[in-house]
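Remarks on the structure that follows.
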Amino acid sequence: MAERKRQYWLLKSEPTSYSLDDLKRDGTTAWTGVRNYQARNYMRDDMKPGDGVLFYHSSTDPMAIVGVCEITSVGKFDETALDPKDHHYDPKSTPQNPIWFAVDVKYKRTFAEPITLTEAKSMKGLEKMVLLQKGSRLSIQPVTDKEWEIISKRK
DNA sequence: GCCAACGTTGGC
DNA sequence: GCCAACGTTGGC
């Protein structure tokens with residue numbers, strides 16, 4: 001069987017709800033609570049252990065790509081759908097008939113200097129990046145090899 | 001706080 | 001299956 005090529009992703013999070021520092025503390029976390037079908041599809045169908053992840057802080061000052069993580073599981077059932085007290089509760093999603101999925105994400109490193117949204121917009125080679133497109137609000141986005149190469153070079 | 005962009009829902 | 005109404009995201 002042919003080796004699958006490593007793919008790259010960007011995960012958005014509001015640092016007040018879950019920051020890269022939180023992930024550094026936890027080591028690994030299940031990326032639960034995603035309730036958007038396109039983002040779900042990426043987790044369920046496309047993400048594989050070893051894939052690279054850029055971690056982005058949204059709705060904060062400054063908004064920035066703050067570091068690098070790694071996918072360490074394939075898509076699995078999102079348990080938060082079962083909990084009536086959870087904000088992401090969805091009784092239609094059950095282990096027998098799963099709708100919502102999560103992947104495990106492992107902390108790798110934090111950039112000494114975050115790449116702010118403003119800076120990213122000025123960087124050569126990132127013009128097509130999903131994050132920078134007008135109206136783009138997907139919380140899980142694919143990142144191209146070239147974009148990964150440019151961004152993950154950051155110390 | 002505003003609002004553009006987009007996704008989802010539900011009436012028909 | 002269309003589409004108006006509504007809700008959410010997230011940059012500004």
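Heavy atoms only: backbone and side chains are in, while hydrogens, waters and symmetry mates are out.
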Anything under 3.5 Å between a protein N or O and an N or O of nucleotides 4-10 of chain B, put it in a table, one pair a line.
unit_1, atom_1, unit_2, atom_2, d
B/dA5, OP1, A/K134, NZ, 3.2
B/dA5, N3, A/R137, NH1, 3.2
B/dC6, O2, A/R137, NH1, 3.1
B/dC6, O2, A/R137, NH2, 2.4
B/dG7, O4', A/R137, NH2, 3.3

Notebook entry, point to check: Below 4.0 angstrom, N of the basic side chain to O of the carboxylate: do A/R6 and A/D145 qualify?
Noted result: no
Check: Sequence neighbours excluded, which residues qualify as side chain to side chain contact (heavy atoms under 4.5 Å, CB included) partners of A/Q38?
Finding: A/N36, A/Y42, A/L138
Next item on the list: Output yes when a side-chain donor or acceptor of A/E147 lies under 3.5 Å from a complementary backbone atom of A/T144, and no otherwise.
Entry: yes
Next item on the list: Taking A/R154 for its side chain and A/I115 for its backbone only, find out whether a donor-acceptor pair lies under 3.5 Å.
Entry: no
Notebook entry, point to check: Which of these passes salt bridge (charged side-chain N to carboxylate O under 4.0 Å, His left out) with A/E70: A/K106, A/K108, A/R109?
Noted result: A/K108
Notebook entry, point to check: How long is the line joining CG of A/L117 and C1' of C/dC12, in whole Å?
Noted result: 11 Å
